[in-house]
Amino acid sequence: MTAAIFGLWRNWAVAVGVLTVLAFLAPIVPQYWLLPIDIVAYIALQIVRGVLRRRPVPSCSRLMQEVSSVVLISAFVIGIICIFSPGGALKETSGEPFTADSPLLAILITAPVTVLVTACFLLNRTEPLVCRRCKMRYGNVIEHGFVGGLFRKEWRYQTRLLLILSLCLSVVDWGYYLINYVNVNLNRADYFYFLWLPMVMYVLSLIYLGSRYYSMWVYYCCNDEGHYVEKPGATSLRFLLINDNRILIDMRPTEERFSNGAVVKRFDTPVVVKVPYRERENLNDACRLFKDVTGIADADVKLIYSSPDNVTYQNIFHYFAFIDDVEQVTESKVTGEWLSLNEIYELVRHHVMAREIIAEIKRIYDVAMAWKTYDRDGKRLYDIKHYQPTFRLRDIRKWDVDYNDETWLRVRQINQDKPLYALRRLFARVKKNFRLFLA
């Protein structure tokens, strides 16, 4: 908890600090140095992300991904400016020529770019690949635990704060640039608006977020009543009961308690077994537990994927339980209703389904559709662009796909039907090779 909470402050300090340093250096270093400096800054962020990814304690690097995007886009714009400035093709808004000797005010680029990037991240409803990989790496503590909820909430809070600060800087600095800036030399006012103002706002944000996370740490880590680990050392086995194209759902609401004390009713799978913590689970033991709990002897039980948790030791193993005869369920200890995917989707839209079963169905669907549509490099298996194969529950039993393989989650994000596939694939390979080099 301590590492997770103060890690949020550290990530803000590193990511936003990089943007601040780039804005501070730009007017006082030669133009031809700016593009290499931006590339070095991007590489430094990737090194930090790689170090955090290898740590046993989870850390949210989603903000660093945003800032990395800002740095790359800003580097591209600065590169274009540096290419055209020697020939005198560029002019200031006042009509004066912009040459290679003119100071390049990077804050006028990075601030608006940051506004656009953060707005796109906030408006994007699909979960980015960095979050899916984090769930694969740390499992239940991120997917369903308090730490994961904290990361999601604070990422949105930090992104909104970065959006507001960048918007303020864009308005103030561009207003000063259009009204008062003269391309002759940098005076005191220029230094204040283009160098010191971003630095002051960065320092104030550090103080503000530092006090926020210190108060959060005191509440959650120094107050026993608010501590996250209430039942340490528990392993859960969840079984999705499937018959033909339907899933058995327990329509009796189960309680779901949030950190603020609120209790919400959610529908879920009827078979959830909790046992003392174990790092691995044998399939034969899972079949025996399923039979003991439900009284169903002929179910075909298969592992879907596991949600490890080496932090709070509350991991989850997810299983299919294929039922050939619904009468077996009628005569068993299990109660529920058989629902189709469309009916479950309607319950999800009305926010009455448990988070766990939503995450399970989403993982199954995303991995299966990527596996059925593309190869491991993201190339289409069919010549029809944007073709989507059918997804039917009755077919899952025959499929041979590893739902723990993060390759299919990456393919779901980067494939031949996505814009700029070749460029994104090349960039992903460069990043992967770079991470391997650092490792």
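If you read the sequence from its start, that first residue is 1, and numbering goes on from there. Values below: all heavy atoms of this structure, side chains included; hydrogens, waters and symmetry mates excluded.
Put simply, the side chain of Trp408 never gets that close to the backbone of Ala368: no donor and acceptor are under 3.5 Å apart. The main-chain N or O of Val275 is never found under 3.5 Å from a side-chain atom of Thr235 such that the two would form a donor-acceptor pair. Using modelled atom types, one side-chain atom of Ser211 and one backbone atom of Tyr208 make a donor-acceptor pair closer than 3.5 Å. For Asn124 (side chain) and Cys120 (main-chain N/O), no donor-acceptor pair under 3.5 Å exists by modelled atom type. Side-chain atoms of Ser205 come within 3.5 Å of backbone atoms of Tyr202 as a donor-acceptor pair (strictly under, hydrogens ignored). When atom types are taken as modelled, the side chain of Arg160 and the backbone of Thr118 share no donor-acceptor pair closer than 3.5 angstrom. Listed for the Asp190 side chain is a donor-acceptor partner under 3.5 Å among the backbone atoms of Asn187.
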Original post:
Are Ile249 and Asp268 close enough, and set up right, to give a side-chain contact (heavy atoms from CB on, under 4.5 Å), and what steps lead you there?
Top reply: CA-CA 6 Å; Ile249 300 296; Asp268 198 1; over 6 Å; no
Original post:
What do the steps show when you test Leu165 against Val16 for side-chain contact (heavy atoms from CB on, under 4.5 Å), and what is the final call?
Top reply: CA-CA 11 Å; Leu165 294 179; Val16 182; over 6 Å; no
Original post:
Going through the checks in order, is the ring-ring contact (aromatic ring centres under 6.0 Å, His included) test met by Trp174 and Tyr177?
Top reply: CA-CA 5 Å; Trp174 269 100; Tyr177 172 77; 5.4 Å; yes
Subject >> Residues Val48, Leu52; criterion side-chain contact (heavy atoms from CB on, under 4.5 Å); working and verdict >> reply: CA-CA 6 Å; Val48 173; Leu52 295 177; 4.1 Å; yes
Original post:
Stepwise, does the side-chain contact (heavy atoms from CB on, under 4.5 Å) test hold for Ile81 with Ile109?
Top reply: CA-CA 11 Å; Ile81 292 175; Ile109 300 172; 3.7 Å; yes
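The minimum heavy-atom distance between Lys302 and Leu283, with the atom names listed, is CA-CD1, 4.5 Å. Shown here for Val367 and Asp402, the closest heavy-atom pair between the two residues is CG1-O, 4.0 Å. Nearest heavy atoms, Gly336 versus Leu248: C-CD1, 3.5 Å. For Glu66 against Val117, the heavy-atom pair with the smallest separation is O-CG1, 3.8 Å. Here the closest heavy-atom approach between residue Gln158 and residue Leu63 is recorded as OE1-CD2, 3.3 Å. Shortest non-hydrogen contact noted between Val130 and Ser61 is CG2-OG, 3.5 Å.
Side chains of Leu209 and Tyr157 form a contact here, defined as non-hydrogen atoms less than 4.5 Å apart. Side chains of Leu22 and Ser74 form no contact here, defined as non-hydrogen atoms less than 4.5 Å apart. Asn282 has its side chain out of reach of Arg280: every pair of non-hydrogen atoms, C-beta onward, lies at least 4.5 Å apart. With contacts defined as side-chain heavy-atom distances shorter than 4.5 Å, the pair Asn11/Glu154 does not qualify. Between Thr373 and Pro389, some side-chain heavy-atom pair lies under the 4.5 Å cut-off. Contact of the Trp12 side chain with the Leu206 side chain is registered, since non-hydrogen atoms from C-beta on lie closer than 4.5 Å. In this structure, the side chains of Cys134 and Arg62 stay at 4.5 Å or more apart for every pair of heavy atoms. Using a 4.5 Å cut-off on side-chain heavy atoms (C-beta onward), Ile364 and Leu240 make contact.
Side-chain contact check for Arg10 and Ser59: at least one donor-acceptor pair (N or O, by modelled atom type) lies under 3.5 Å. Using modelled atom types and a 3.5 Å distance limit, the side chains of Asn315 and Ser306 yield no donor-acceptor pair.
Interatomic distance, Thr114 OG1 to Leu167 CG, rounded to the nearest 0.5 Å: 11.0 Å. For the atom pair CH2 of Trp9 and OH of Tyr213, the computed distance is 11.5 Å after rounding to the nearest 0.5 Å. The distance from atom CG of Asn342 to atom CG of Leu347, rounded to the nearest 0.5 Å, is 11.0 Å. Taken from CZ in Arg278 to CG in Leu237, the straight-line distance is 7.0 Å, to the nearest 0.5 Å. Note that CD1 of Ile37 is 5.5 Å distant from CG of Leu25, once rounded to the nearest 0.5 Å. Rounding to the nearest 0.5 Å gives a distance of 9.0 Å between CZ of Arg349 and NE2 of His351.
The aromatic rings of Tyr176 and Phe194 sit perpendicular to each other, their planes meeting at more than 60°, with 30° as the lower class boundary. Using cut-offs of 30° and 60° for the angle between ring planes, the Phe391 and Trp399 rings count as tilted. Taking the six-membered ring where the residue is Trp, His318 and Tyr305 present parallel rings, their angle staying beneath 30° rather than reaching 60°.
No more than 12 heavy atoms of other residues, nucleotides or ligands lie within 6.0 Å of OH in Tyr214, so this atom counts as exposed by the packing criterion. No more than 12 heavy atoms of other residues, nucleotides or ligands sit less than 6.0 Å from atom OH of Tyr193.
For Asp366, the salt bridge (Lys or Arg N to Asp or Glu O under 4.0 Å) criterion is met by Arg132, Lys362, Arg412, not counting sequence neighbours.
The list of salt bridge (Lys or Arg N to Asp or Glu O under 4.0 Å) pairs with a residue in residues 369-381, not counting sequence neighbours, reads Arg376-Asp405, Asp377-Arg425, Asp377-Arg429, Arg380-Asp417.
Exactly one of Leu289, Leu303, Ile316 qualifies for a side-chain contact (heavy atoms from CB on, under 4.5 Å) with Glu281. That residue is Leu289.
Between Arg363 and Glu360, no side-chain nitrogen of the basic residue sits less than 4.0 Å from a carboxylate oxygen of the acidic one, so the salt-bridge criterion is not met.
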